[in-house]
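See structure below.
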There are 4 protein chains.
Amino acid sequence: MPKFTRKEREYQVRRAEIMTAAERVFSAKGFHKATMGEIAKESEFAEGTLYNFFKSKIDLYHSLIEEKSEELLDYLRKQVSKTGGAVEKVKCLIRAQMAFFEKNRNFFKIFVRERDSFEWMAGKDVGGRVNKVYQTHIDFVARIIKDGLKHSEFRNLNPKEAAYALTGLLNSSISRWVTSPRRGRLLAQAPSLIEIFLRGVQKSRGGKSYGRRFEESV
Amino acid sequence: MPKFTRKEREYQVRRAEIMTAAERVFSAKGFHKATMGEIAKESEFAEGTLYNFFKSKIDLYHSLIEEKSEELLDYLRKQVSKTGGAVEKVKCLIRAQMAFFEKNRNFFKIFVRERDSFEWMAGKDVGGRVNKVYQTHIDFVARIIKDGLKHSEFRNLNPKEAAYALTGLLNSSISRWVTSPRRGRLLAQAPSLIEIFLRGVQKSRGGKSYGRRFEESV
Amino acid sequence: MPKFTRKEREYQVRRAEIMTAAERVFSAKGFHKATMGEIAKESEFAEGTLYNFFKSKIDLYHSLIEEKSEELLDYLRKQVSKTGGAVEKVKCLIRAQMAFFEKNRNFFKIFVRERDSFEWMAGKDVGGRVNKVYQTHIDFVARIIKDGLKHSEFRNLNPKEAAYALTGLLNSSISRWVTSPRRGRLLAQAPSLIEIFLRGVQKSRGGKSYGRRFEESV
Amino acid sequence: MPKFTRKEREYQVRRAEIMTAAERVFSAKGFHKATMGEIAKESEFAEGTLYNFFKSKIDLYHSLIEEKSEELLDYLRKQVSKTGGAVEKVKCLIRAQMAFFEKNRNFFKIFVRERDSFEWMAGKDVGGRVNKVYQTHIDFVARIIKDGLKHSEFRNLNPKEAAYALTGLLNSSISRWVTSPRRGRLLAQAPSLIEIFLRGVQKSRGGKSYGRRFEESV
DNA sequence: AATGAATGAGATTTCATTCAT
DNA sequence: AATGAATGAAATCTCATTCAT
């Protein structure tokens with residue numbers, strides 16, 4: 001007995017085709033410049049058909065981000081859980097995130113570029129949903145840092161601040177790679193990012209410090 | 001003999017008023033949702049009048065970013081030039097950038113959020129202009145890093161990569177501050193960022209390394 | 001030998017089910033706001049199936065009005081034919097019409113409200129068909145009046161004019177009853193309508209007149 | 001010092017032009033079949049311009065009905081107030097209403113045909129507003145009847161019921177005239193309507209009655 | 001130089017109808 | 001014969017831009 005009927009499976013296939021087309025168009029033009037007409041053409045469905053799958057343009061956009069983000073977060077969690085120790089987890093996280101976006105360049109553009117833009121779109125509601133995904137991600141990273149603190153793998157710093165730092169570091173590099181015309185492997189940049197970040201947060205072995213301590217600074 | 005006639009000066013004043021209004025509206029709504037009508041009302045000019053100063057909506061937006069970015073870069077250059085040594089310059093850069101955006105929150109939203117979005121807007125032309133500003137900034141940062149390398153203040157790494165890293169680090173933190181509802185001083189976060197970044201890029205004093213070396217990785 | 005085969009009978013049953021559903025939906029939303037999708041759901045058939053019974057939405061609408069109107073007219077004719085004398089026939093007509101619509105509120109909304117709207121819908125064709133039903137009804141009423149004139153039961157007046165008057169009188173009261181939220185029996189209003197109309201058209205017994213005579217007025 | 005500036009006057013002129021065009025189109029096609037495009041063409045403005053005067057199609061439609069209804073009611077009130085005695089007022093009312101619609105045929109179609117249709121349009125709100133105008137009218141007529149009752153000009157009947165009766169009577173005749181292709185003067189039909197209605201409601205001079213009394217019937 | 005009313009291209013969305021299964 | 005997914009025409013509304021005053 002199949003979990004899904006043939007109809008349901010076909011429905012999901014078509015839905016996915018639309019989403020892929022939408023991902024292409026949205027990533028190329030941004031939400032506002034993208035038109036349903038273009039997504040229709042790209043997905044080889046009629047315009048009206050799109051509305052049998054998504055109730056509006058914003059719903060399509062938003063579903064796209066939400067579902068793909070889940071995929072990303074699931075992937076990261078799964079990869080990271082395979083290793084132990086905060087340092088190893090951080091390394092793994094960086095590599096996994098790069099690996100994911102190396103395969104999902106279009107989605108990266110949508111994910112990062114529109115992240116903050118959402119607050120104006122269709123009220124707090126949609127913005128809120130996407131932002132929540134982002135916050136979930138930050139919290140996930142912060143948790144890793146916190147564990148590292150507990151086991152004295154990292155020096156004393158604000159986990160959330162470090163999570164933002166790492167995320168910014170990563171996104172900036174990914175963004176550069178995504179935008180750049182000539183592309184080597186994104187993953188090749190993992191080691192240097194890992195090195196920068198881990199040196200940045202690990203316990204000082206020389207005792208030297210470059211500013212006021214975290215405790216004083218907040 | 002005045003450099004600018006009274007007329008010219010008045011023209012500049014009115015132009016600046018429009019830009020300030022535009023900054024408010026664009027930062028609150030984003031480029032597409034912002035309307036010329038609203039900018040007109042905000043600036044207390046008629047809609048048609050805006051077109052005596054800027055030839056289109058996109059031109060206004062773009063002029064805004066370009067000119068304000070110049071201001072930012074000038075400010076950063078001036079501040080950084082006051083100190084010597086790459087490490088000091090980096091500290092100074094971080095503090096200066098935070099100081100600038102603490103005073104120009106609205107502009108930050110425009111600067112960062114729309115940075116990459118530009119490639120779709122009105123063709124390569126405009127996107128190119130804004131991107132160029134961003135590239136100029138990256139080059140400026142990369143130059144500081146490179147100087148640090150030359151004087152062995154930093155370990156062996158790709159200056160441009162490090163420049164992207166620093167910029168991402170900074171923007172991520174600023175973004176968090178800008179978005180967050182309850183705001184302390186942004187500058188208070190400078191020390192920890194400085195520490196993370198400088199530890200990350202300075203010469204190892206323990207010889208320990210966290211990944212393959214930079215040389216191997218590119 | 002049956003007049004209709006089983007197949008034909010089943011066809012008629014399904015057709016009637018659709019019409020009943022359509023009556024509900026059309027009366028609730030009006031022609032334009034009603035959708036084939038809703039009628040389909042209401043009738044528990046698929047959308048496509050409706051088109052096996054009616055060739056278009058407008059055809060369904062129109063068939064509904066036409067057939068139900070026939071039903072109404074048949075009912076009125078049958079009732080009225082049971083009595084003799086124009087005065088009695090008028091009383092009977094009023095009561096019968098009220099009785100019919102008391103049982104067919106939904107249809108009344110369609111019948112009266114859209115009556116005149118028809119001329120724009122899908123050209124003269126459809127409008128014509130419905131209007132013809134209405135004209136038939138008016139003629140039927142006018143014929144009763146005319147008989148009353150012949151037998152000197154009514155004063156000298158234009159039969160058609162009187163027929164319009166009576167119809168307007170009736171519809172206005174029925175409309176009020178249909179629209180009103182709290183409903184007693186519609187038939188309870190028959191006596192006063194009968195009295196108003198019959199006084200209005202019967203031969204004056206006092207010779208008093210309230211305007212120029214009919215003969216002068218047209 | 002003029003009450004209205006030139007600009008305001010010109011604005012009103014253009015607004016009125018749009019309304020007249022809208023009246024033509026709405027009366028010819030009904031609300032749904034009428035398009036903003038056609039109203040634009042008819043009024044010789046661009047489509048977008050209509051939206052400088054009315055915020056939506058429904059708002060235009062509704063403004064049209066509301067303002068023209070006010071005009072009608074004002075006219076009726078003014079005319080009726082010129083005479084004294086309920087009987088005279090009724091005569092005057094019938095003549096005035098006919099006179100008004102003889103000059104405003106297009107509006108009649110809108111006023112009567114869409115009266116009840118409104119409940120489905122855009123929720124209770126708009127339907128409510130138009131219905132209220134109609135109720136106001138009914139109340140106005142009912143008040144005249146009530147005064148007639150007080151002075152014993154009419155026999156004992158329910159004023160509101162009589163008001164509905166008169167309104168139905170009138171509208172039916174006007175509707176016939178409006179729809180009919182060859183038109184004499186509508187006002188020529190006033191005398192016979194007056195006679196029917198007044199005979200119908202005035203005190204019986206022969207004592208004969210045609211049904212149960214009003215008192216029993218409600 | 002400033003105005004703001006007019007413009008119309010262009011986007012989203014609905015829904016009657018068709019047709020392959 | 002019944003289905004309901006796909007279609008695409010058509011309608012409303014927005015807003016950058018123009019231009020007569």
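Small disclaimer: the values here were computed from a predicted structure and weren't measured. Below, read A as the first sequence line, B as the second, and so on, with proteins coming before strands; counting in each chain starts at 1.
Residues meeting the ring pair (Phe, Tyr, Trp, His ring centres under 6.0 Å) test with Phe107(A), sequence neighbours left out: Phe111(A). When the salt bridge (charged side-chain N to carboxylate O under 4.0 Å, His left out) test is applied to Lys57(A), no partner is found at least two apart in sequence or on another chain. Looking at residues two or more places apart in sequence or on another chain, you find a side chain to side chain contact (heavy atoms under 4.5 Å, CB included) between Tyr51(B) and Met36(B). Contacts of Arg15(A) classified as salt bridge (charged side-chain N to carboxylate O under 4.0 Å, His left out), with partners at least two apart in sequence or in another chain: Glu67(A).
When the C1' atom of dG4(F) is taken as reference, atom CD of Glu38(C) falls 17 Å away, rounded to whole Å. In this structure, CD1 of Ile18(D) is placed 13 Å from C1' of dT7(E), rounded to the nearest angstrom. Glu44(B) places its CD atom 14 Å from the P atom of dA2(E), with the value rounded to the nearest Å. Nucleotide dT12(F) holds its P atom 14 Å from the OH atom of Tyr61(D), rounded to whole Å. If you take CD of Glu10(D) and P of dA6(E), they are 9 Å apart, rounded to a whole angstrom. Rounded to whole angstrom, the span from the CD atom of Glu8(B) across to the P atom of dA1(E) amounts to 12 Å. The CZ atom of Arg9(D) sits 16 Å away from the P atom of dA5(E) (whole-angstrom rounding). Per the geometry, CZ belonging to Arg6(A) stands 10 Å off P belonging to dT21(E), to the nearest Å.
Phe31(A) is listed as a side-chain neighbour of Ile58(A), based on a closest heavy-atom distance under 4.5 Å. In this structure the side chain of Phe26(D) never reaches within 4.5 angstrom of the side chain of Asn106(D), judged on heavy atoms.
Out of dA6(E), dG4(F), dG4(E), the shortest distance to the side chain of Ala46(C) is found at dG4(F).
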Generate the contact string for nucleotides 13-19 of chain F. Rules: B means base contact, S means sugar-phosphate contact only, - means no protein heavy atom under 4.0 Å. BBSSBB-
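With hydrogens and angles disregarded, a donor-acceptor distance shorter than 3.5 Å links the side chain of Glu8(D) to the backbone of Thr5(D).
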Walk me through whether Thr49(A) and Ser43(A) qualify under side chain to side chain contact (heavy atoms under 4.5 Å, CB included). CA-CA 10 Å; Thr49(A) 306; Ser43(A) 63; over 6 Å; no
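Heavy atoms of Phe53(D) sit under 4.0 angstrom from primed sugar atoms or phosphate atoms, though from no base atom. Using a 4.0 Å heavy-atom criterion, one finds that Lys41(B) contacts no nucleic acid atom at all. Looking at heavy-atom distances under 4.0 Å, Arg14(C) makes contact with sugar-phosphate atoms alone, never a base. Counting any heavy atom pair closer than 4.0 Å across all strands shown, Phe45(A) reaches sugar-phosphate atoms only and no base atom.
Aromatic rings of Phe53(D) and Tyr11(D) (six-membered ring for Trp) have centroids within the 6.0 Å cut-off, being under it.
In DNA chain F, runs of at least 3 consecutive Watson-Crick or G-U pairs, each pair with both distances below 3.5 Å, span E:2-21 with F:2-21.
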